[in-house]
Amino acid sequence: MTTTTWTQQHILSLADFSPAEYDTVLQTAASFREVLSRRTKKVPALQGVVVANLFFEPSTRTRSSFELAAKRLSADTLNFAPGTSSLTKGETILDTAKTYLAMGANIMVIRHQEAGVPSAIAHEMDRLGTGASILNAGDGQHQHPSQALLDLFTICSLLDTDNPRIELLKGKKVAIVGDILHSRVARSNIYSLTAAGADVHLAAPPTLLPKLFADTVESKQPGKLSLHWEIEPALANADFVMTLRLQKERMTQHLLPSLREYHQLYGITRDRLQLCQPDVKILHPGPVNRGVEISSDLMDDPQLSLIGKQVTSGVAIRMALLYLIGSGKT
Ligand code: CP
């Protein structure tokens with residue numbers, strides 16, 4: 001296990017992550033991946049720590065993998081479903097968080113459809129001097145740090161299984177294609193991939209990739225960020241292609257003529273992958289609209305698709321994050 005001192009109380013965004021912090025997370029996750037390969041996949045690292053999963057927005061991967069990660073670390077877990085909670089009786093989100101705090105929650109993993117909710121709860125926890133940590137599990141169109149970290153871990157592990165580290169991505173070309181405008185995954189990945197020195201190429205129709213988008217992601221990182229309204233320049237010689245879900249639930253205007261036309265112009269297909277490096281790999285954070293942002297057969301192709309590996313990486317990465325912020329809390 002890594003001995004690097006971890007100083008972040010909360011994990012809310014990757015905007016302020018340092019290269020050393022990325023490497024600490026990757027190395028810690030690699031140690032936990034080894035634990036997960038054993039017959040007994042459990043360690044006592046967070047015995048006595050209480051992890052509350054407060055998901056105000058639906059989730060399959062993030063919620064379940066945080067829960068499994070906490071259990072693998074021997075923490076006690078609390079789950080919350082908004083539809084059957086006292087939110088329906090008018091309780092506020094802050095009072096919900098304080099209720100879990102009063103039951104002894106040391107770490108709260110928070111997903112919310114509005115940007116800023118995890119930060120607001122973290123601010124309140126700090127103001128009250130509680131010592132509780134907040135982990136952002138996806139807030140609106142803002143950030144999804146654990147997703148970008150598991151993407152980074154998946155890619156770096158492919159490049160060096162035993163020693164995943166960010167320098168492996170230096171000079172690699174990563175295309176991110178799809179609904180960038182609504183994507184917290186894209187925003188977090190832009191920080192992590194450019195911090196690692198990768199050249200990131202975004203491609204989407206203008207309605208999903210406004211010209212000013214780059215200004216909203218302040219990037220003083222070594223890797224370059226480029227924007228394209230056509231897919232071909234983004235895919236040309238790409239080492240990795242990350243395709244994003246069209247977030248129909250966040251589209252309040254008619255931003256696309258049709259899903260069929262979107263697939264024709266921006267869908268990832270075998271033909272389009274001819275433009276990329278011969279050993280290109282595809283990522284998708286899930287959930288997937290099969291046949292829209294990616295052709296269905298490509299998604300299931302183990303030679304090309306890292307989608308299953310991303311989900312597997314999620315458990316080790318979330319164990320690492322819980323361990324790094326939680327190990328001093330018992
Ligand atoms: N990638 C992701 O956040 O998936 P879920 O919404 O299923 O958690």
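Atoms within a ligand are numbered from 1 in the order they appear, just like the ligands themselves.
- For D300, the salt bridge (Lys or Arg N to Asp or Glu O under 4.0 Å) partners two or more places apart in sequence, or in a different chain, are R290.
- In this structure, CD1 in I166 is found 12.5 Å from CD1 in I155, a value given to the nearest 0.5 Å.
- Within 4.0 Å of ligand 1, the residues that place a heavy atom are S59, T60, R61, T62, R111, H144, Q147, P285, G286, listed by chain and number.
- Summarising the local packing, CD of E34 is surrounded by more than 12 heavy atoms from other residues, nucleotides or ligands at distances under 6.0 Å.
- Not one N or O on the side chain of S295 forms a donor-acceptor pair closer than 3.5 Å with the backbone of T269.
- Salt-bridge annotation for D76 and K71: absent, with no side-chain N of the basic residue lying under 4.0 Å from a carboxylate O of the acidic one.
- Of the possible donor and acceptor atoms, none in the side chain of E124 sits under 3.5 Å from a partner among the backbone N and O of A120.
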